[in-house]
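These numbers were taken from a predicted model, which means no experiment stands behind them. The figures that follow rest on heavy atoms only: side chains count, while hydrogens, waters and symmetry mates do not.
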Amino acid sequence: HDGALYGSADVTTVESDTRLRATVKAGMLAGRALDLLVMNANGITVLANAWTYNPLPTLERVEPGAGPSAGATRITITGTGFTNFEAGQNTVKIGGVDVTDLRVLSDTTLTGLTPARPAGRTFDVTIANANGTAELLRGYRYHPAPSILTLLPASGLLAGGTVLDIQGSGFVANDAGLAVVLVGAKPATNVIVISDQLVRATTPAGTVLGAEDVKVMNANGSATSVG
């Protein structure tokens, strides 16, 4: 039995012989019923299970659990304590950065848009409201960016029209979506994503002789092969 008094309160006003007003101090036993103990020169009285600190929020899962580094992925967060017990305004962060456009659907569900964070990293998810904080360790992962390993061929006509094979990774996996290829500042044409390791494109006409950077962009970021 939780018969002991946990924490304390400051009596601010004794209103009458039958009524007093007090301010409760911070407690450490969220969600548990505690006894109320009043002491004065004439003795002690105890009212069992008279006071309960509101329970802390909890986090159970984030769906989807991963998304592009650019952010703006609509996620659904499941847990408890988002509205009940005077929870007030919720703040959700991924890796210390705010989730935006929070929509509280119920005490157990809310949604929001992920912030932009570095590709390939996994971050903790936290929630805070008037009743405290909760943390979901490694709760959200950002998809790795694409990479470029080799270009075949490594050179072509100044007039363009060379079929270029770009070998690397991240061209299909993790909902990479459509690929855009730039040679220098100009877009390549006939871009085909053949596999997660290969993109094929036709080079545009160049402006001057010499090496140009090749860049591949998709939903998960970009990769550049320096000319």
Side-chain angles (χ1 to χ4, degrees), residues 55-84 87-129 131-151 164-182 187-188 191-201 213-226:
L56 300 174
T58 67
L59 290 179
E60 296 176 4
R61 64 182 178 274
V62 177
E63 295 178 333
S69 64
T73 299
R74 174 67 64 179
I75 55 174
T76 298
I77 300 168
T78 304
T80 61
F82 302 156
T83 61
N84 292 351
Q89 182 175 346
N90 293 278
T91 300
V92 177
K93 296 178 183 290
I94 296 178
V97 180
D98 285 343
V99 172
T100 58
D101 193 29
L102 279 181
R103 303 175 186 179
V104 180
L105 305 183
S106 70
D107 187 62
T108 60
T109 306
L110 58 79
T111 71
L113 298 177
T114 59
R117 301 293 281 139
R121 296 277 304 279
T122 300
F123 293 96
D124 299 339
V125 179
T126 61
I127 187 169
N129 59 32
N131 292 323
T133 62
E135 184 175 45
L136 184 63
L137 296 176
R138 300 180 63 81
Y140 191 79
R141 177 178 61 86
Y142 285 90
H143 295 155
S147 67
I148 296 175
L149 298 178
T150 59
L151 303 175
L164 176 65
D165 280 351
I166 304 167
Q167 297 179 341
S169 64
F171 302 146
V172 174
N174 299 311
D175 303 313
L178 297 176
V180 174
V181 177
L182 299 179
V191 177
I192 303 173
V193 179
I194 295 175
S195 70
D196 191 60
Q197 292 80 39
L198 179 61
V199 170
R200 181 167 292 158
D213 296 346
V214 175
K215 185 175 187 178
V216 176
M217 301 177 291
N218 61 30
N220 294 323
S222 65
T224 301
S225 176
V226 179

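- A pairwise comparison of heavy atoms in Ala223 and Ser147 identifies CB-CA, 3.6 Å as the closest pair.
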Hey, can you pull the donor-acceptor pairs under 3.5 Å for the side chains in residues 92-103, sequence neighbours left out?
| residue | atom | partner | partner atom | Å |
| --- | --- | --- | --- | --- |
| Lys93 | NZ | Asp98 | OD1 | 2.5 |
| Asp101 | OD2 | Arg74 | NH2 | 2.4 |
| Asp101 | OD2 | Arg103 | NE | 3.3 |
| Asp101 | OD2 | Arg103 | NH2 | 3.0 |

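- Other residues, nucleotides and ligands place more than 12 heavy atoms under 6.0 Å from the CG atom of Leu137.
- Formation of a donor-acceptor pair under 3.5 Å by the Asn84 side chain with backbone atoms of Asp107 is not found in this model.
- Smallest separation of non-hydrogen atoms from Ile166 and Phe171: O-CE1, 3.6 Å.
- When all heavy atoms are compared, the tightest approach of Ala119 to Ala145 is CB-N, 3.6 Å.
- Scanning both residues, Pro55 and Asn131, for their nearest heavy atoms gives O-CB, 3.5 Å.
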Taking distance alone, no hydrogens or angles, what donor-acceptor pairs closer than 3.5 Å link side-chain atoms of residues 57-68 to residues at least two apart or in another chain?
| residue | atom | partner | partner atom | Å |
| --- | --- | --- | --- | --- |
| Thr58 | OG1 | Thr80 | N | 3.1 |
| Thr58 | OG1 | Thr80 | OG1 | 2.5 |
| Arg61 | NE | Glu63 | OE2 | 3.4 |

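- Applying the ring-ring contact (aromatic ring centres under 6.0 Å, His included) criterion to Tyr142, with sequence neighbours excluded, gives Phe123, Tyr140.
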When you look at Thr83 and Val104, which way does the side-chain contact (heavy atoms from CB on, under 4.5 Å) test go after all the steps?
-> CA-CA 8 Å; Thr83 61; Val104 180; 3.3 Å; yes
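- What you find for Ile148 and Val214 is that their closest heavy atoms are CD1-O, 3.7 Å.
- The side chain to side chain donor-acceptor pair (under 3.5 Å) test with His143 singles out one residue from Asn218, Asp175, Asn220, and that residue is Asn220.
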With side-chain contact (heavy atoms from CB on, under 4.5 Å) as the test, would you mind laying out the steps for Ile127 and Leu110 before giving the verdict?
-> CA-CA 11 Å; Ile127 187 169; Leu110 58 79; 3.9 Å; yes
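- Looking at Thr109, its side chain never comes within 3.5 Å of a backbone N or O of Thr78 through a donor-acceptor pair.
- For the atom pair Arg200 CZ and Asp165 CG, the distance stands at 4.0 Å (nearest 0.5 Å).
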Could you walk me through whether Thr111 and Leu105 pass the side-chain contact (heavy atoms from CB on, under 4.5 Å) check?
-> CA-CA 8 Å; Thr111 71; Leu105 305 183; 3.8 Å; yes
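- Looking only at side-chain heavy atoms (C-beta outward), Val199 and Val191 come within less than 4.5 Å of each other.
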Before giving the answer on side-chain contact (heavy atoms from CB on, under 4.5 Å), spell out for Asp124 and Arg138 the whole-Å C-alpha distance, their side-chain angles and the decisive distance to 0.1 Å.
-> CA-CA 4 Å; Asp124 299 339; Arg138 300 180 63 81; 4.2 Å; yes
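- The two atoms that bring Ala201 and Ala188 nearest to each other are CB-CB, 3.8 Å, heavy atoms only.
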